[in-house]
Amino acid sequence: QGIRPAVLVVHGGGWSESGRRRQMEFIAKKLARRGYVVLNASYRTTPRWTYPAPVDDLREAIKWLRANAREHGIDPENVAVFGYSSGGHLAAQLGVLDGPPEVRVQAVVAGGAPTDLSLHPGGELEMAFLGGTWIEVPDLYREASPVTHVSADDPPFFIYHGTLDRVASPEHAKRLEAALAAAGVRHELYWMKGRANITGLMFDGRAEDRAVDFLDAELRKTPTPINAWWKRN
């Protein structure tokens with residue numbers, strides 16, 4: 001069958017130990033059915049670990065995919081990351097942070113992702129993740145926010161977000177889209193109308209299907225369907 005693109009799948013759970021890989025199993029299976037090699041990863045979580053531990057772990061997972069590409073039929077030049085909620089935040093960070101080629105990805109899917117942590121200056125999850133409030137560690141809030149690091153050499157992004165998300169408000173998606181547009185990074189934004197954070201993950205397969213179509217276009221160079229109606233930039 002030749003070599004295939006790979007996707008690192010990243011679960012949410014507020015960066016905490018309550019998050020589990022099984023939360024993303026249905027997305028991993030959807031990707032596998034579409035012909036991708038999928039790694040559904042675990043990573044260090046709060047309260048024991050803080051930022052940047054999970055990013056470091058996921059970078060190691062990307063390096064592992066490339067180091068074992070031949071054994072698993074992976075195209076090491078086409079590796080993507082797909083995350084939701086806090087997993088979407090981590091996916092976005094992997095896309096925008098500088099680093100050596102072996103940890104860089106070629107496409108990012110970020111669903112329901114908090115991308116500007118300054119919007120949650122006193123949030124309990126953010127405090128646990130970063131080890132303090134915005135007042136105490138403002139530089140770390142900026143460092144851990146994907147919108148801070150967007151640049152012209154970033155990979156293409158697919159963003160999807162619920163219009164009723166109160167865990168990570170729609171403002172996060174708007175700010176990330178604005179940063180990507182300003183930097184000239186290819187991206188798409190899909191709004192899940194009437195969905196909150198959890199319902200967006202569990203009950204909007206259309207968004208996930210669009211995300212996989214996006215990955216096909218970016219990693220397989222498959223033309224976007226002519227009748228596609230979602231927003232392109």
Side-chain angles (χ1 to χ4, degrees), residues 8-27 40-61 81-97 108-150 157 159-179 189 191-204 207:
L8 175 67
V9 175
V10 186
H11 68 78
W15 306 286
S16 76
E17 61 187 4
S18 66
R20 296 289 186 274
R21 287 183 299 173
R22 64 173 179 267
Q23 296 167 349
M24 297 292 282
E25 283 182 356
F26 67 99
I27 290 177
N40 191 358
S42 296
Y43 52 87
R44 285 174 290 176
T45 56
T46 64
R48 184 176 180 185
W49 303 98
T50 59
Y51 182 85
V55 173
D56 293 340
D57 291 346
L58 295 169
R59 281 186 154 186
E60 288 299 315
V81 60
F82 189 136
Y84 192 84
S85 195
S86 58
H89 161 268
L90 296 171
Q93 277 291 81
L94 292 171
V96 300
L97 288 178
V108 176
V109 176
T115 61
D116 186 347
L117 300 187
S118 70
L119 292 170
H120 303 270
E124 291 183 6
L125 295 176
E126 288 75 16
M127 289 171 59
F129 183 49
L130 300 174
T133 66
W134 165 260
I135 293 176
E136 294 167 337
V137 288
D139 290 344
L140 195 53
Y141 274 70
R142 286 187 285 267
E143 166 63 27
S145 295
V147 293
T148 305
H149 304 283
V150 173
F157 269 69
I159 310 162
Y160 66 104
H161 214 101
T163 59
L164 299 182
D165 194 331
R166 295 187 178 181
V167 175
S169 76
E171 181 65 21
H172 287 282
K174 294 175 183 177
R175 292 192 181 189
L176 179 58
E177 183 193 27
L189 173 59
W191 288 111
M192 298 182 289
K193 294 182 179 179
R195 298 297 191 197
N197 191 270
I198 297 300
T199 56
L201 175 65
M202 301 304 298
F203 303 114
D204 208 320

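Residue numbers run from 1 in the order of the sequence given. What's counted below: heavy atoms across the whole structure, side chains too, no hydrogens, waters or symmetry copies.
Looking at T148 and R142, their side chains never bring a donor and an acceptor atom within 3.5 Å of each other. With 3.5 Å as the limit, one finds no donor-acceptor pair spanning the side chains of E126 and Y51.
Separation of atoms CG (L130) and OG1 (T50) is listed at 8.0 Å; rounding is to 0.5 Å. Between the CD atom in E25 and the CD atom in Q23 there is a gap of 10.0 Å [rounded to 0.5 Å]. With rounding to the nearest 0.5 angstrom, the CG atom of N40 is 8.5 Å from the CG atom of L8. Distance CG/L125 to OG/S86: 8.0 Å, rounded to 0.5 Å. Atom CD1 of residue I159 and atom CG of residue L189 lie 5.5 Å apart, to the nearest 0.5 angstrom.
Between the side chain of Y84 and the backbone N or O of H89, no donor-acceptor pair lies under 3.5 Å. In this structure a side-chain-to-backbone donor-acceptor pair under 3.5 Å is present from S16 to S18. A donor-acceptor pair is defined here as one N or O able to donate and one able to accept, closer than 3.5 Å; such a pair exists between the side chain of T163 and the backbone of G194. For T45 (side chain) and W15 (main-chain N/O), no donor-acceptor pair under 3.5 Å exists by modelled atom type. Checked by atom type and distance alone, the side chain of S145 pairs as donor or acceptor with a backbone atom of L117 at under 3.5 Å. Counting only distance, with no hydrogens or angles, the side chain of Y43 and the backbone of H11 share a donor-acceptor pair below 3.5 Å. In this structure a side-chain-to-backbone donor-acceptor pair under 3.5 Å is missing from R44 to D57.
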Per-pair distances, 0.1 Å, donor-acceptor, side chain in residues 167-174, under 3.5 Å, sequence neighbours excluded:
{"from": "S169", "atom 1": "OG", "to": "E171", "atom 2": "N", "distance (Å)": "3.4"}
{"from": "E171", "atom 1": "OE2", "to": "R175", "atom 2": "NE", "distance (Å)": "3.0"}
{"from": "H172", "atom 1": "ND1", "to": "T115", "atom 2": "N", "distance (Å)": "3.0"}
{"from": "H172", "atom 1": "ND1", "to": "D116", "atom 2": "N", "distance (Å)": "3.2"}
{"from": "H172", "atom 1": "NE2", "to": "H120", "atom 2": "NE2", "distance (Å)": "2.8"}

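Between P146 and V96, the shortest heavy-atom distance links the atoms O-CG2, 3.7 Å. Heavy atoms only, all atoms of each residue included: L94 and L58 are closest at CD1-CB, 3.8 Å. Closest heavy-atom contact between G132 and Y141: O-OH, 2.8 Å. Contact record, N197 with S85: OD1-OG, 3.4 Å, taken as the closest heavy-atom pair.
Counting only heavy atoms from C-beta outward, the side chains of V55 and L90 approach each other to under 4.5 Å. Looking at heavy atoms from C-beta onward, F157 lies out of side-chain contact with V109 at the 4.5 angstrom threshold. Between L176 and V150, some side-chain heavy-atom pair lies under the 4.5 Å cut-off. Between L201 and F26, some side-chain heavy-atom pair lies under the 4.5 Å cut-off. Here the side chains of F129 and P54 are in contact, with some heavy-atom distance below 4.5 Å. Taking the side chain as every heavy atom from C-beta outward, E143 and L97 approach each other to under 4.5 Å.
Shown here is F203, whose CZ atom has no more than 12 heavy atoms of other residues, nucleotides or ligands within 6.0 Å.
Ring-plane geometry between W191 and H161 is classed as perpendicular, the angle between the planes exceeding 60 degrees on a 0 to 90 degree scale with a lower cut at 30.
The residues D56 and R59 are annotated as not salt-bridged, no charged nitrogen and carboxylate oxygen being separated by less than 4.0 angstrom.
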Start with the C-alpha gap between V10 and V81, add the side-chain angles, then the distance that decides, and say whether side chain to side chain contact (heavy atoms under 4.5 Å, CB included) holds.
-> CA-CA 7 Å; V10 186; V81 60; 3.8 Å; yes
